[in-house]
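Structure record follows, encoded as structure tokens.
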Number of protein chains: 2
Amino acid sequence: MSEGPNIVRVAALIGDNARAEVLSALMSGRALTATELADTAGVTKQTISFHLGKLLDAGLITVEQQGRHRYFRLAGPDIANLLETLMGLAVHSEGSRLFTGPRDPALRKARICYDHLAGELGVSVYEHMLRTNILHQHPGGLQLTEQGRVWFNQFGIDTDALASSKRSFCRECLDWSERRHHLAGALGSALLTRIQELGWAKREKNSRVIVFSAQGEKLLWAMLEPQSAPPVSAQQAAVIF
Amino acid sequence: MSEGPNIVRVAALIGDNARAEVLSALMSGRALTATELADTAGVTKQTISFHLGKLLDAGLITVEQQGRHRYFRLAGPDIANLLETLMGLAVHSEGSRLFTGPRDPALRKARICYDHLAGELGVSVYEHMLRTNILHQHPGGLQLTEQGRVWFNQFGIDTDALASSKRSFCRECLDWSERRHHLAGALGSALLTRIQELGWAKREKNSRVIVFSAQGEKLLWAMLEPQSAPPVSAQQAAVIF
DNA sequence: CAGGTGGTTCGACTAGAATCGAACCATGAG
DNA sequence: CTCATGGTTCGATTCTAGTCGAACCACCTG
């Protein structure tokens with residue numbers, strides 16, 4: 001009867017309020033404890049433990065013990081990718097009652113997707129990088145060009161160190177709100193981290209929203225424009241804050 | 001509490017045996033009647049009617065009335081895409097008991113994904129097309145090159161007619177078994193149709209498997225090889241490297 | 001050591017969902 | 001018109017899965 005892999009198990013797992021809430025919370029890329037998760041999901045500790053067990057079984061999340069805490073996180077970028085795909089579809093399926101809450105616009109503008117930048121800003125930065133040939137789409141996958149390497153280094157990111165890590169260096173990820181791609185992988189992760197280091201943007205507490213300061217957004221674009229700014233040196237940029 | 005779109009509804013919908021079976025069956029791209037679906041899902045007519053109602057509500061499938069029959073099909077390529085993504089994840093999550101049934105190898109080799117070719121053959125054909133510059137990955141999306149147009153026309157596909165249709169002309173689609181991309185969109189659809197027209201491959205009854213004749217597979221590759229097929233100049237193919 | 005907090009296990013309760021039998025409504029064939 | 005067939009609706013049944021209360025274990029702190 002059933003050909004192919006067993007979709008049902010995974011889908012059913014996600015198709016529960018509490019668990020979906022957990023997974024969404026973990027989309028922030030943060031590692032959270034069981035009680036924190038219980039809190040955001042709005043259930044008791046016992047219940048969350050039950051759910052976390054199931055998610056672990058299925059390999060959707062992983063744990064790391066640290067003292068008497070257990071930190072849970074998504075098992076990998078694949079999972080985050082699936083969740084974003086689902087959101088992209090759900091946003092249509094919702095149809096009638098689409099309550100665009102107050103946080104929603106901010107969420108569309110810029111948010112964290114697992115560990116990299118997503119939303120309007122995420123895709124426009126990514127597409128800009130393609131246009132200006134910092135990144136290049138190659139049959140085998142996305143590639144960092146030589147000038148891209150220079151750009152990232154000047155931005156204060158050690159691309160060589162990243163490349164030697166085991167995780168996928170750079171790849172694209174589908175954005176649910178924009179329905180276009182943004183940058184993911186080690187490079188995407190490093191980019192966002194650096195942006196936060198420079199104080200250009202901050203994460204909103206308990207949310208996936210990322211708020212750019214007006215200044216920060218301007219500086220980012222300045223950094224990307226090839227003519228207007230021969231890449232601002234990292235130190236110089238950092239001075240601002 | 002919950003930010004972003006409501007994943008739960010969609011996921012829960014897929015997370016049921018009968019409905020997942022329905023969706024999988026519709027991945028074949030065929031339009032099927034309610035009783036056919038009831039049959040493949042292994043439930044009675046009443047039950048399938050119930051499930052189809054839910055899937056319709058959520059906009060995952062659509063109906064078309066024809067006489068006293070109602071033909072159901074997937075609502076669009078997005079849905080197919082989501083399902084493939086899910087399969088890609090499930091294949092890992094299954095872990096221990098992965099019963100690779102007898103049909104499985106055939107399914108990995110070549111299968112239909114909504115309406116285009118997937119599996120080993122699907123991705124290698126697609127990647128070959130990129131290498132030989134029939135298709136080109138462009139920041140805005142996938143593009144058919146001029147020489148690609150010629151190639152498709154010689155293959156008996158009227159690309160201009162396709163381009164004027166409303167649906168997305170050509171795009172890539174992630175392959176769950178290969179974890180790489182294959183060709184989708186109107187162009188991908190036309191390609192598969194033409195291959196079947198030529199008798200190079202046939203669909204297995206009641207399954208997503210596509211069986212190529214030894215002859216057919218050979219002819220397809222001959223068609224793609226740059227030296228034997230004039231449209232692609234060796235020069236342009238070499239440009240990539 | 002005792003006390004407090006983070007997490008899990010067990011058992012029982014409950015709500016919701018899937019299922020089917022049976023009756024019902026349409027459409028097409030003869 | 002009558003009969004057969006494709007589908008839906010309704011009601012009743014069954015069962016699974018989420019939930020919590022309570023007890024329990026593990027670890028850290030004082």
Side-chain angles (χ1 to χ4, degrees), chain A residues 1-2 6-26 30-74 93 206, chain B residues 1-2 6-26 30-73 90 93 206:
Chain A
M1 188 168 297
S2 69
N6 180 22
I7 307 184
V8 183
R9 188 171 170 219
V10 177
L13 231 37
I14 306 179
D16 168 80
N17 279 313
R19 286 190 297 253
E21 209 70 53
V22 166
L23 292 171
S24 295
L26 293 178
R30 288 217 181 92
L32 300 171
T33 72
T35 32
E36 284 173 320
L37 289 170
D39 204 36
T40 58
V43 294
T44 63
K45 290 185 297 179
Q46 311 92 303
T47 321
I48 211 64
S49 178
F50 168 70
H51 288 305
L52 291 173
K54 290 206 157 192
L55 291 172
L56 278 171
D57 264 5
L60 294 188
I61 61 176
T62 59
V63 219
E64 198 178 338
Q65 187 106 22
Q66 224 170 81
R68 60 178 166 179
H69 293 270
R70 301 188 75 191
Y71 286 95
F72 296 88
R73 54 182 87 219
L74 287 191
S93 154
N206 294 330
Chain B
M1 185 168 297
S2 68
N6 178 22
I7 306 186
V8 183
R9 186 169 172 222
V10 177
L13 232 35
I14 306 179
D16 168 83
N17 280 314
R19 286 192 295 254
E21 209 71 52
V22 166
L23 292 171
S24 296
L26 292 178
R30 288 215 181 93
L32 300 172
T33 72
T35 33
E36 284 172 320
L37 288 170
D39 205 36
T40 58
V43 294
T44 63
K45 290 186 296 179
Q46 311 91 300
T47 323
I48 211 67
S49 178
F50 168 71
H51 289 304
L52 291 174
K54 291 206 158 195
L55 291 172
L56 278 171
D57 263 5
L60 295 187
I61 61 175
T62 59
V63 219
E64 199 177 338
Q65 187 105 22
Q66 225 169 80
R68 61 178 166 181
H69 294 270
R70 300 187 76 190
Y71 287 95
F72 297 87
R73 55 182 88 217
S93 154
N206 295 330

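As a basis for the values below, the full set of heavy atoms in this structure was taken, side chains included, without hydrogen atoms, waters or symmetry mates. Each chain gets a letter, A, B and so on, in the order the sequences are listed, and its residues count up from 1.
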Side-chain touch [X]/[Y], heavy atoms, less than 4.5 angstrom:
X: A/F50; Y: A/K54; value: yes
X: B/R9; Y: B/D57; value: yes
X: B/D16; Y: B/H51; value: yes
X: B/V10; Y: A/I14; value: no
X: A/Y71; Y: A/V63; value: no
X: B/T62; Y: B/F72; value: no
X: B/I61; Y: B/L23; value: yes

Would a distance-only check, ignoring hydrogens and angles, find a side-chain to backbone donor-acceptor pair under 3.5 Å from B/S49 to B/K45?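 Not a single qualifying donor-acceptor pair exists.
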Closest non-hydrogen atom pair, A/A41 against A/E21: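 For A/A41 and A/E21, the tightest heavy-atom pair comes out as CA-CG, 3.8 Å.
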Positive for side chain to side chain contact (heavy atoms under 4.5 Å, CB included) with B/R19, one of B/L60, B/I48, B/L55: B/L55
What pairs of nitrogen or oxygen atoms, one from the protein and one from nucleotides 17-20 of chain C, lie under 3.5 Å apart?
{"from": "C/dA18", "atom 1": "OP1", "to": "B/R19", "atom 2": "NH1", "distance (Å)": "3.3"}
{"from": "C/dA18", "atom 1": "OP1", "to": "B/R19", "atom 2": "NH2", "distance (Å)": "2.7"}
{"from": "C/dT19", "atom 1": "OP2", "to": "B/H51", "atom 2": "NE2", "distance (Å)": "2.5"}
{"from": "C/dC20", "atom 1": "OP2", "to": "B/T44", "atom 2": "N", "distance (Å)": "3.3"}
{"from": "C/dC20", "atom 1": "OP2", "to": "B/T44", "atom 2": "OG1", "distance (Å)": "3.2"}
{"from": "C/dC20", "atom 1": "OP2", "to": "B/T47", "atom 2": "OG1", "distance (Å)": "2.9"}

First and last nt of DNA chain D near chain A, cut-off under 4.0 Å to heavy atoms, 5' to 3', are D/dG18 to D/dC28
How many whole angstroms separate atom NZ of B/K45 from atom P of C/dC24? 15 Å
Separation of C/dG7 atom P from A/L52 atom CG, nearest Å, is 9 Å
Output one line per pair: protein atom, nucleotide atom from nucleotides 26-30 of chain C, and distance, for all N/O pairs under 3.5 Å.
{"from": "C/dT27", "atom 1": "O2", "to": "B/R68", "atom 2": "NH1", "distance (Å)": "3.2"}

